[in-house]
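Step one of this worksheet: look at the structure below.
No hydrogens, no waters, no symmetry mates; every other heavy atom, side chains included, goes into these values.
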Amino acid sequence: MAPQRRLNQLLSELKEAPEPIGTLKLGDITYEVPASLTPSRLPRSSSLLDVNDPVNLDNLHFILQKYLLGQDVFLVSQPGPYARRLALTFASIINTEYEYIALHRDVGETELKQGREIRKGGNLVYVDSPAVKAVKHGRLLILEGIEKAERGIMPVLNNLLENREMNLDDGTHIIHPHRYAQLETVDTKEGKVFIPAHKNFRVIAIAAPVPPYPGYPLDPPFRSRFQARFVDPVGSLLSLTNSSSTTSIPLFDKIRDLILSTQFASESRSALEVISKTSLPPFPQTALTKLQSLVDKFPPPEQLSSAQLARLFLILHPGLIHAPFQAWAILSRQTTDAGLGELGSPSMSSIDEQIGIFGYHVAEIKRVGDTTAEITFDAPPGLKPVKLTVPAGPKQLRPFPFVGKLEFNPTNRFMGLLTCFLQAHAVGWDISLIPPALPSTASASTSTLVRVFGQLLGYDAEVIHMYKELGGRELVMRRKIEDGGATTWEPRFFSCIRAWAGRLLHLSGLDVIGSTAGSLSRMVQDREIELWEGKRIVGDGSPEEIKSGELSITHPSFRVISTASKSLLLKDWLSDEHANMFLPIPSQPMDAKEEFAILAATGCPRELVDTLLTFADKYRQSMSADNVLKNRKLGTRSLVRIARRLALYANDADLQAIIQRSLLAEFLPATEKMNLNTLLEDSNIFKKTGPYNPSPFLQDNTLIFPAPSSTGGETSPTLIPLFDPAHDQEGAASHVPHMDHFYDNSLQTGLMRDIAIDLEILGEHIVLLGNQGVGKNKIVDRLCQLLGRPREYIQLHRDTTVNQLMFTTSLEAGIINYTDSPLLRAIKYGRVIIIDEADKAPEHVVAIFRSLAGQGEMSLSDGRRVRPTQERQGDIVVHPNFRLILLANRPGYPFLGNHFLQVLGENFSAHSVSNPDQESERNLIGQLAPGLDKDLILRLVGAFHDLRKGYENGVLTYPYSLRELINLVRHMKAYPADTLGDALRNVFDFDIYKPETIDKLSEILVQHGLQVPHLGLDAAREAAKKKAKDIQFDPKQTDLDQPKEGEHDDKEHSGGNKWAGGTGGRDTAGLGGRGGYKRLYKKGDIKQVSDQLKQNVPDHIREKAREMARQELQRRLEELDMTASEAKGYGQLLAATQAHMASLLDLLEHLAAKEEERVWVKRQVDGELDDSRLTEGITGESTVYKRRGMEKPELGRPQIKPKRVKFIFDLSASMYRFQYDGRLQRSMETAVMLMETFDRLSRKEKYVWDMCAHSGDGPDIVLTEANNPPTELKERWKITEKMYMIPQYAFAGDFTVEAIVKGVTEVAKYDADDWFVIAITDANFGRYQISPEELTRAMKHNPKVNTALICIGEGAEASWVTKSLPGRGYRVANTGDIPNVLRSILATMVDR
């Protein structure tokens, strides 16, 4: 039997332990050190700890104690390499073999037990995991990153840890060695084969404590099986530094003491909550190690400048970049006390400043060996130049100092950052370029820096573009099927070091894979990693071991540079773990002079460049973390795109229109749009009258857009060359779209011209956004038809995966085949590809287009690469004619799409598609229906124009588009006998149960002379009555008695006068009958008596029914404790904001649903087959399915908690005194809007909210309570009455600032997943001496609380509000806009 043969083989390996090779004495313990049976499994790391260090000795002594007791050890350590190196050092001193598993979210049972492989000939074999090898061969099992493993995974090992037992997939059973010895014979019945667990098997688990570090809490049964050892952070910080350095350097000593004191301070317990909230976070574990390596190689000057000191601390502790300002202030005070001086700004203070570490700058680079180069660094004044020999790649070095024409500008900023890269390389660290903390800045030259660094050192560079679906194992290796069906593994990314001798690996967008990046920490820190089937990359090995393939050696020149996508906030990924893996280099954005030179080089007129940069500076300063997800960033790449366009078409370019298009201003929330218009006017960029664009025509292989009409200045035609069919004969024959009809109009012709210029002249990729039904697809198809451009098409949806975008997968005869997707075909053949519904796919799927559009690069999951040029065999080269066009609906409500624009960066030229202007729309409708009355067309177009305006203003909840108008006209054209009301029902019946919407629609139609008798429910019933007039129900009995309720049951009733809720009856409450006092419907078909019979009701019975209805209404009002006038007053307040309330309600409901949106959960045992795990399926693994399920939060993210919201109203005396402008009335309406919206939420637990107010009497007037919101109409009415009365009796004065501080403090205490405070004030800031600084401090009182301030009345006159509080302060001159602005702010803040 196969199991028996396997058993015999295993037992033959279990030989007697060889003779000891020596004796280890560790304190009071003596241990006979055995020889190793498999030396290749011994530690080979060059980074083992110093065994003479007292801290290390103490830890090793503890582990040896537990080892001899047969117990497993759990090392509780802050993130960093110390605990892992401690475990490997222990394995080294007792000469024991080890196995290692790095845990992450994707680790499953296969990685902990057994995998499956198919060998040649079709035989299935089971491959032991490192855990199973360790237990069989008596090795030390190191499990690192326990806090990252999903709950439910680690219990797989519980029985192995407790009883040394485990059932394996191959039918064998590991049992305790004592139990095995008791078995007289090995029981092989029913395929059961027993294997003894080796007596020397031990486990060392490593995890960071949760909290304070992010991760999953320990499973109690798993925890109970270990002996814990807390690794002192102070001891580990000092132990990792090289104590052999004897020269005392004052800078090192002072910073070391500061780092240690910070660690002690972070551990102390303070009774003052505010201290613990703003304390300086402890430094990463490797901070001292980096500092020592830097001062050893680059002697620092006696005194660093304040800016140099700031940059040094960001290198040692990059988390300070996103830490609260208080932490920076605490650190500055400590550096001053330590004699280091104050901390300055890490940004460059002048263009002449040397920003290399300690003020060094690179002077010369020359090759000195096949794999080495010598770099000369010029030192700061008073120090000697430094020459260092560093690893280098095999290619020819780029000459330095630079010669010839350069593709970049070697400014002091650029050369300073390049020097930092070279210094990090010289001290042996991999590099992480940290993006600026500000949300929108000029370019930091990220790609250029990485490229030039590699060229200077002769590196063969490899760029890997990260995407969220990448798992930890996929970063290292990938499964594949060989010819014949055998399964095997091949290197991927990190494990290709042996083949890529000394390559430079650029991990682009490492931030998007989150905590999974931590699975690479051993490779980055120690240059070791586990591969497949026992193979391992190590730092050293014998020639025999290397030749056998067991071990691979890391090339000394291998280096890693990581960069971020900038689509995530720094705090979401810049963790201690990341800081410990790399030497972080804080980036420096270009200054105005450098950015000017780049823009001027495009040929753009200098005066336009000046104007552009003036606006860009104002716009970037207005950006904040609060509004960055709503606004488009305006980086250097976007400015270059605008400048190139202006250089070609300077005469007929509308600068404001181009900027607004680039920022997609049309789709910004109302508040952001107001701020943008103010910034444009402040920069002297004004709106121009839109020109008329004549229809394009073809002539001499050219598409000609005639010169647009203009009110001033010269304009010229635009010539676009047609596509040459010879470049893609198959595509030209079958992939060019064809349209029989396209109705030209000025607006869409102008848009087509702009898109054509971007696609064909400037070579840009396009993102096209618009409402539904505005013609996005038709415009692009029409343009492709005119140009003769072949195009491919993909439609995305919620289930789209990255693999589906790349290829389709099929399994034939045991072989997996990949068929190129339309995207890859477009890349190869140079076609346009339309990616439709881009906002409906998950953001991480759309993110792969970022690198494709920006660098022409993409990493495929099957091992191939997309590249701009052929670099190696198998590369897919991007055809120069390839273009991406992404189509999507506008962001935000009501389209419910994802915020995909943030992950695309600035690599696409953005265009918004709006509905045509009225003249264009009239012409289009006139072409579509030439027989329709022109006056009617005029009125319809005007009405639909106002409907759209109503949506933009928030009074309607649906954006009526050109599509609805076209469908309406088509109906009227085809069925002229139908009335206008019949045709309008096609559009408006969706809103039949929204009476406030129907009323607004009717109002707009009447304004345009479109008299429609009925809309909504009345129209539907009127139409039904006309079309069904020959159907009538005649009851047998028609005599009437007194109106009454009737008896209730659960059955259907027709006719009669006994039962309530029937149809076609008399006297009782029901439908379709007569003589009742109220309508009541339960179920069933409605039997409608004739109108004649309904009218034939005696007067006394009619009066009785009316009286009963009045009594019912009065009873309801008494229940509410309201008078009729009160009900009417509250109804008026409610009616004023019905549309805003509906919009806000839909948005908040959508957000609650979005938090519970399901995603593809992989590694399931049932569901749909996962294409990415077909190979595992062939080998027989069970977890090869995917299923829709809830997405688990990222490590460190809180479980979904409620959002805490506080609204602060102004009820000061001036609100009453100046109420003639409606400010008090609008505030009351706004309060009603909020109360009604939150009361109608289906998931009320998602939001904890309250309302308070301030007046001249104080800052803390309670309107509603957070834990007791008003649930009854009467309660809400009393609140509005209170709001009206308080300003009547309030004393003069203002407590705006105090109210905000109090509100922020209260909200911050709540256990929520987000915190918001929105305040309204009409304060005269000058009169009450409220300074910008004071208001700003109040708004930023607690950094975690999102704040917004709406200034009305005199407050709106303070122009400094929006400048001092970008993204937080809003000036609202028209009080009628208060509900709209508040709704917009709330939507912007919570939907992030």
Side-chain angles (χ1 to χ4, degrees), residues 957 993-996 1112-1153 1155-1156 1200-1209 1211 1224-1253 1260-1286 1303 1306-1307 1309-1320 1378-1379 1382-1383 1386-1387 1389-1390:
T957 59
Y993 278 112
K994 297 177 182 176
E996 70 283 353
E1112 182 80 3
L1113 175 60
Q1114 185 63 33
R1115 183 184 64 80
R1116 177 64 182 141
L1117 289 173
E1118 288 173 359
E1119 283 180 3
L1120 296 171
D1121 192 21
M1122 295 178 73
T1123 66
S1125 63
E1126 287 174 338
K1128 182 179 179 182
Y1130 189 81
Q1132 289 172 343
L1133 291 173
L1134 185 60
T1137 57
Q1138 281 279 16
H1140 295 299
M1141 186 183 66
S1143 174
L1144 185 59
L1145 178 64
D1146 282 350
L1147 173 83
L1148 296 180
E1149 290 279 28
H1150 160 60
L1151 286 179
E1155 287 174 350
E1156 300 177 359
I1200 299 301
K1201 299 174 183 176
K1203 298 183 188 298
R1204 179 68 174 91
V1205 192
K1206 179 181 278 290
F1207 302 97
I1208 302 174
F1209 287 89
L1211 296 181
L1224 182 56
Q1225 178 75 8
R1226 296 292 181 268
S1227 294
M1228 293 164 61
E1229 291 170 359
T1230 302
V1232 170
M1233 174 186 77
L1234 295 172
M1235 291 188 290
E1236 290 290 332
T1237 298
F1238 283 107
D1239 185 64
R1240 297 182 189 189
L1241 282 175
S1242 60
R1243 299 291 306 275
K1244 293 183 174 62
E1245 71 277 7
K1246 288 291 183 182
Y1247 301 91
V1248 175
W1249 65 280
D1250 70 326
M1251 300 191 313
C1252 66
D1260 50 2
I1261 302 169
V1262 176
L1263 295 177
T1264 70
E1265 296 177 352
N1267 296 320
N1268 187 26
T1271 56
E1272 291 294 334
L1273 210 67
K1274 176 66 176 180
E1275 297 172 10
R1276 298 196 282 275
W1277 166 248
K1278 285 183 176 179
I1279 290 167
T1280 60
E1281 281 192 317
K1282 185 177 181 179
M1283 291 179 68
Y1284 185 76
M1285 291 169 59
I1286 287 174
E1306 285 182 6
V1307 163
K1309 293 177 182 177
Y1310 200 89
D1311 185 21
D1313 74 355
D1314 222 341
W1315 303 264
F1316 308 95
V1317 171
I1318 303 176
I1320 299 175
I1378 294 175
L1382 188 138
R1383 176 181 63 87
L1386 186 59
M1389 291 172 82
V1390 299

Nearest 0.5 Å, please: how far is [atom2] in [Y] from [atom1] in [X]?
X	Y	atom1	atom2	answer
F1207	L1234	CZ	CG	4.5 Å
I1279	M1235	CD1	CE	5.0 Å
M1251	M1283	CE	CE	6.0 Å
Q1225	T1230	CD	OG1	10.0 Å
Y1310	D1250	OH	CG	10.5 Å
D1314	K1203	CG	NZ	5.0 Å

Taking every non-hydrogen atom, the tightest pair across [X] and [Y]:
X	Y	value
W1277	G1129	CZ3-C, 3.7 Å
G1303	K1206	CA-CD, 3.6 Å
A1266	P1269	O-CD, 4.1 Å
V1307	W1315	O-CD1, 3.0 Å
P1202	A1312	O-CB, 3.0 Å

SB check E1229 R1226 (cutoff 4.0 Å): yes
Tell me, do [X] and [Y] make a side-chain contact under 4.5 Å, heavy atoms counted?
X	Y	value
L1133	M1233	no
E1236	L1134	yes
Y1284	L1224	yes

Please enumerate all residues that pass side chain to side chain contact (heavy atoms under 4.5 Å, CB included) together with A1253, with sequence neighbours excluded. F1209, L1211, I1261, L1263
Test side chain to side chain contact (heavy atoms under 4.5 Å, CB included) applied to E1265 - qualifying residues, sequence neighbours left out: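 Per chain and number, E1265 pairs via side chain to side chain contact (heavy atoms under 4.5 Å, CB included) with V1262, N1268.
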Check salt bridge (Lys or Arg N to Asp or Glu O under 4.0 Å) between D1239 and all other residues, then give those that pass, not counting sequence neighbours.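 If we apply the salt bridge (Lys or Arg N to Asp or Glu O under 4.0 Å) test to D1239, skipping adjacent residues, the hits are R1276.
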Start with the C-alpha gap between L1241 and K1246, add the side-chain angles, then the distance that decides, and say whether side chain to side chain contact (heavy atoms under 4.5 Å, CB included) holds. CA-CA 9 Å; L1241 282 175; K1246 288 291 183 182; over 6 Å; no
What pairs with D1311 under side-chain hydrogen bond (donor to acceptor under 3.5 Å, both in side chains), at least two apart in sequence or on another chain? K1201
For the residue pair F1238 and W1249, does the interplanar ring angle fall in the parallel (under 30°), tilted (30 to 60°) or perpendicular (over 60°) class?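 Parallel.
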Hey, is the main chain of T1271 close enough, under 3.5 Å, to the side chain of E1275 for a donor-acceptor pair?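 Such a contact is found between E1275 side chain and T1271 backbone.
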